[in-house]
Amino acid sequence: MREITGHRPGRILLWVLLLSALWYVFVLPFVLQNTSYLLFGWMPVSVAFYNLQTIIWLLAFWVYTSRYWPYR
Amino acid sequence: MIWIVLLLGVVLVFVSAYGYKLNKKTAADYLLAGRAIGTFVMFFYVYFAISSAWTFYGFPGTIYNTGPGFMLFFSFTSFAFLYIIIGPKLWAGSSKYGYLSPVQFLGERYQSKALRLILGGILVLFLFPYLGLQAVGIGAGMKAAVGLPFWFGALYMTVIMLLICLIGGTRSVAWLNVLLGIIFTATFWGFLFWILIKTDNTSLSELAKRVQEIRPGLLGVPGPVNAWTTQNLMGLALAGLTVMAWPHVVIGTMQVKSMVVVRKTAIWMLLFSLIFCNIAAIWGYLVCPILVPGLKGKAADAVVQIAITKYLPGWASGATLLAVLAAAISTVATQLMVTGLLVSRDIIFSVSNKVTDKGLILWSRIGMVGAAVVSFILAILRPAELGLLLSNIASPGFALWLPALIGGVLWKRGTKEGVIVGIVAGLILLIVGSFFYKPLLLGFHPIFVPLLVDALLYVGVSLITSPVPSSVQKKFFEDIEDYLEEHASRNKQFDINRAPAVSPQVVMEAVKVKVEK
């Protein structure tokens, strides 16, 4: 774990992962209740949030592992 | 068309036989593909170990029944977490100490053979329903596409997967996943666009409006049958995050060639999942409710197949069946290899010091035959609809070893007592709560309470029991991290692309040092 906790970008990645995971499991299910809005006229809110979450994780991992990860 | 499907099975078995010729006949080669899988094959190997008949049938079918709230199950970030944070340590354990399975790694790390038996047993136990649901997928698909009896499709699937694994080993399975993954993706994506054009449904907004008229509430949360309440969604999201605990996914970290492969695989997985999951979901919440309205329960498992059979030419229906077969075989073959590995390395030989390559391979094969038979029986009994068989039974079961896995790799203070108490309590809660007394789960998804209790007990009991000796801690933490750093620096030293300004003389000197070493 020292390879990630030992430098600032690694700690930022861990915070992004932790907060987004907590949001995903404990907050998003409340936010989604009784939603029927369709993004672009066809994409349900649950799908839109799923996509947003995946994009955030993709960018976080991409930037970290291609620039800062010691084992890259 | 059925002849083409049967022919595919024969071709796959022959490809496996060719893979057997390339095999070095060692346990590491047969079970881990010689720890030499590159990025391209690794991506297909892992992604299509996950994307199965379930992805083609169960995923759209469950969304068709319950609404797109089900999407929260597909949280691929956990794969990236596994591959970037946990994976390097498992890879180093495999590469430096020669471990063949993650359970063996944990058994040595926690210094407990009993723990290896318990972990190996639980993982094998919950692999059965997952294996069984692939046979269910093929049985249902063959019935919907060509009218053959359900049992025939399930039996065909079981026999083909068994032959591929028994003959070829992991290397053959990995390469077959590339071929099968391409067939699957082309069909699943291509036919969606084709059916939209063929039925004049090119506007997604128009489709959404019609779905709202035909099935009010389908596009919202909690969905038309009130399936995705807050509690259920929490459990589903948690189940999605624990997909990294699936043994056939974890094992991939020990089969890769290098850390570069690990990194690239994680990124490609996230990128690809974004497209793939949306395509699967659109089948379920936009296309099928319009084209095939009125299905309920288990009948919705074959909704994509029915739509293609109804609106596209006959050969497309057969091609779909071929794609589902490809998806199912790619998943089952990987799972069956892992089952064999767990049975031989972590159950049969967990307490024996006399382990030979021949013995490991033999017992792996016996384990595979046993698992195939049990999964076929499960498929015939078919206790639940496909989507739920995975998300409510197999997935919560796999999640139980997650505290042991994460703690074993990242937390020195974790102890075997903590693992055993946590996992046994979690297992009892899961089985009793799922099958005998539902109030025990407090109204949550089956994964929620058992995993929470498991994790709390693991941490609590670990803190009040003695940790493993400092020499063991050093072996599994400092030494492994040092090994990884050496590996990374070696790679950087010889990666000419990373150092374009270095003169040829310097490069030659570096090569000379390497040769001398």
Side-chain angles (χ1 to χ4, degrees), chain A residues 1-7 9-11 13-72, chain B residues 67-72 74-78 80-81 84-85 88-89 203-209 212 217 219-222 228-234 236-238 240-241 259-260 262-264 266-267 270-271 273-274 277-278 281-282 285-286 409-411 477 481 484-485 487-488 491-492:
Chain A
M1 196 70 172
R2 73 184 183 202
E3 82 281 1
I4 293 183
T5 54
H7 62 164
R11 288 194 291 273
L13 175 78
L14 289 178
W15 275 109
V16 169
L17 290 183
L18 178 68
L19 293 177
S20 62
L22 289 175
W23 154 265
Y24 194 72
V25 176
F26 296 106
V27 183
L28 189 57
F30 286 98
V31 175
L32 291 179
Q33 287 308 310
N34 301 314
T35 52
S36 55
Y37 177 74
L38 298 176
L39 190 69
F40 313 123
W42 61 270
M43 187 188 286
V45 182
S46 51
V47 178
F49 269 109
Y50 166 82
N51 288 335
L52 182 69
Q53 188 92 5
T54 307
I55 290 168
I56 290 171
W57 285 325
L58 172 63
L59 290 175
F61 275 108
W62 200 333
V63 170
Y64 177 72
T65 59
S66 58
R67 289 189 179 188
Y68 305 106
W69 197 42
Y71 306 151
R72 69 187 182 277
Chain B
F70 190 60
M71 279 290 273
L72 261 63
F74 294 87
S75 161
F76 274 73
T77 188
S78 59
F81 180 84
I84 302 301
I85 295 171
K89 276 76 175 178
S203 164
L204 294 179
S205 315
E206 283 302 315
L207 274 175
K209 270 183 198 166
Q212 281 176 319
L219 299 181
V221 173
W228 307 123
T229 59
T230 308
Q231 281 176 316
N232 279 344
L233 268 187
M234 275 186 182
L236 194 71
L238 187 64
L241 286 179
M259 287 300 95
V260 176
V262 165
R263 179 175 75 83
K264 287 182 179 172
I267 300 298
L270 280 168
L271 196 60
S273 71
L274 202 58
C277 290
N278 275 283
I282 286 172
Y285 71 80
L286 280 186
V409 170
L410 303 178
W411 191 40
F477 291 89
E481 287 180 342
L484 283 164
E485 279 168 14
H487 170 78
N491 278 354
K492 278 176 193 166

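So that the names make sense, note that chain A is the first sequence line, chain B the second, and so on, each numbered from 1.
In this structure, no portion of A:Tyr37 lies under 4.5 Å from any heavy atom of chain B. At a 4.5 Å heavy-atom cutoff, the contact between B:Ala80 and chain A is made by backbone and side-chain atoms alike. In this structure, chain A has heavy atoms under 4.5 Å from both the backbone and the side chain of B:Ser273. Looking at A:Leu14, the atoms closer than 4.5 Å to chain B (heavy atoms on both sides) all sit in the side chain, from C-beta outward.
A heavy-atom distance below 4.5 Å is found between the side chains of A:Ser66 and B:Arg263. Side-chain contact between A:Trp42 and B:Glu206: absent, with no pair of heavy atoms (C-beta onward) separated by less than 4.5 Å.
Between chain A and the residues B:Ser205, B:Gly217, B:Gly220, the largest count of heavy-atom pairs under 4.5 Å involves B:Ser205. Per-residue heavy-atom pair counts under 4.5 Å with chain A were compared for B:Val409, B:Leu286, B:Asn278, and the maximum is reached by B:Asn278. Ranked by non-hydrogen atom pairs under 4.5 Å with chain A, the options B:Thr229, B:Leu207, B:Ile282 are led by B:Thr229. Interface remark: of the candidates B:Cys277, B:Ala281, B:Ala208, B:Ala237, B:Ala237 forms the most heavy-atom pairs closer than 4.5 Å to chain A.
Of all non-hydrogen atoms in B:Phe81 and A:Leu17, the two that sit nearest each other are CD1-CD1, 3.9 Å. Closest of all the heavy-atom pairs between A:Val47 and B:Pro68 is CG2-CB, 3.7 Å. Taking every heavy atom of both residues into account, A:Leu38 and B:Gln212 meet most closely at CD1-NE2, 3.5 Å. In terms of heavy atoms, A:Pro44 sits closest to B:Leu219 at CB-O, 3.3 Å. Closest approach of A:Phe61 and B:Leu270 over heavy atoms only: CD1-CD1, 3.9 Å. Contact detail for A:Pro70 and B:Ala488: the closest heavy-atom pair is O-CB, 3.5 Å.
Under the 3.5 Å distance criterion, the side-chain polar atoms of A:Tyr71 are left unmatched by any main-chain donor or acceptor of B:Leu484. Checked by atom type and distance alone, the side chain of A:Gln53 never pairs as donor or acceptor with a backbone atom of B:Leu72 at under 3.5 Å.
Each of A:Leu32, A:Val31, A:Asn34 was compared with B:Val221 under the side chain to side chain contact (heavy atoms under 4.5 Å, CB included) criterion, and only A:Leu32 meets it.
Between A:Tyr24 atom OH and B:Leu238 atom CG the span is 11.0 Å, to the nearest 0.5 Å.
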